[in-house]
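Below: one structure, written as structure tokens.
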Amino acid sequence: MTTLSPTTARANLTRWLKRAAGGEDIGILCGGQVIALRPVKVLSEDYAQREYGVTETELDSFAKRTDAEIKRERKAGRLRRYTGNLDATLRD
């Protein structure tokens, strides 16, 4: 394992993150502990519930309200699809 001080890790953080993502064991000292850098999988089906503490019912309600709002805005002509050219989109 490559063990780094916080100062050394911070100076080249992207480099160390890429190496950890590639499978190399990287650790950063924090007090008397070594904290390991490791990739973790984020499961999208329960992300909002874990991250924001919402229930499945609350999340479904939010999705329905948001879909209805988008539909109303499109119908009223207030919503435009982004084409990849911000300047052109803002000019129109």
Side-chain angles (χ1 to χ4, degrees):
M1 174 183 275
T2 301
T3 307
L4 310 164
S5 71
T7 303
T8 302
R10 185 176 30 249
N12 294 297
L13 187 57
T14 301
R15 173 181 170 222
W16 297 115
L17 290 171
K18 285 179 180 178
R19 287 174 66 171
E24 187 174 335
D25 284 334
I26 306 291
I28 300 174
L29 292 170
C30 183
Q33 293 183 311
V34 176
I35 308 300
L37 294 180
R38 291 204 174 85
V40 295
K41 292 186 184 217
V42 175
L43 303 175
S44 61
E45 56 267 1
D46 68 346
Y47 177 77
Q49 292 167 341
R50 287 185 296 113
E51 186 70 18
Y52 302 109
V54 299
T55 65
E56 190 171 343
T57 303
E58 291 170 324
L59 188 57
D60 288 343
S61 178
F62 171 77
K64 287 177 186 175
R65 283 194 320 270
T66 302
D67 289 344
E69 182 180 348
I70 290 170
K71 188 175 181 177
R72 281 193 308 275
E73 294 295 316
R74 278 195 179 127
K75 187 174 182 179
R78 292 188 293 259
L79 191 64
R80 294 180 285 181
R81 193 168 298 277
Y82 180 60
T83 62
N85 185 336
L86 184 59
D87 291 331
T89 301
L90 293 175
R91 265 195 313 269
D92 296 340

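No hydrogens, no waters, no symmetry mates; every other heavy atom, side chains included, goes into these values. Starting from 1, each residue takes its place in the sequence as its number.
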For this session: Just jot down the side chain to side chain donor-acceptor pair (under 3.5 Å) partners of Glu58, sequence neighbours excluded, or say none.
Result: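 Residues passing side chain to side chain donor-acceptor pair (under 3.5 Å) with Glu58: Thr55.
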Exercise. Quick one: side chain to side chain donor-acceptor pair (under 3.5 Å) partners of Glu24, sequence neighbours excluded?
Worked result: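 So Glu24 forms a side chain to side chain donor-acceptor pair (under 3.5 Å) with Thr2, Arg19.
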Distance (rounded to the nearest 0.5 Å) between [X] [atom1] and [Y] [atom2]:
X     : Y     : atom1 : atom2 : result
Asn12 : Leu17 : CG    : CG    : 10.5 Å
Ile35 : Leu4  : CD1   : CG    : 12.5 Å
Ile28 : Leu37 : CD1   : CG    : 4.0 Å

Just checking [X]: does its [atom1] atom have more than 12 heavy atoms from other residues, nucleotides or ligands closer to it than 6.0 angstrom?
X     : atom1 : result
Glu56 : CD    : no
Tyr52 : OH    : no
Glu51 : CD    : yes

For this session: Quick one: closest heavy-atom pair of Ala21 and Pro39, and the distance?
Result: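 Minimum heavy-atom separation between Ala21 and Pro39: CA-CG, 4.0 Å.
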Exercise. How close do Met1 and Val34 get, heavy atom to heavy atom, and via which atoms?
Worked result: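 In terms of heavy atoms, the two residues are closest at SD-CG1, 3.8 Å.
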Problem set entry | From CA spacing to verdict: side chain to side chain contact (heavy atoms under 4.5 Å, CB included), Asp67, Lys71 | CA-CA 6 Å; Asp67 289 344; Lys71 188 175 181 177; over 6 Å; no
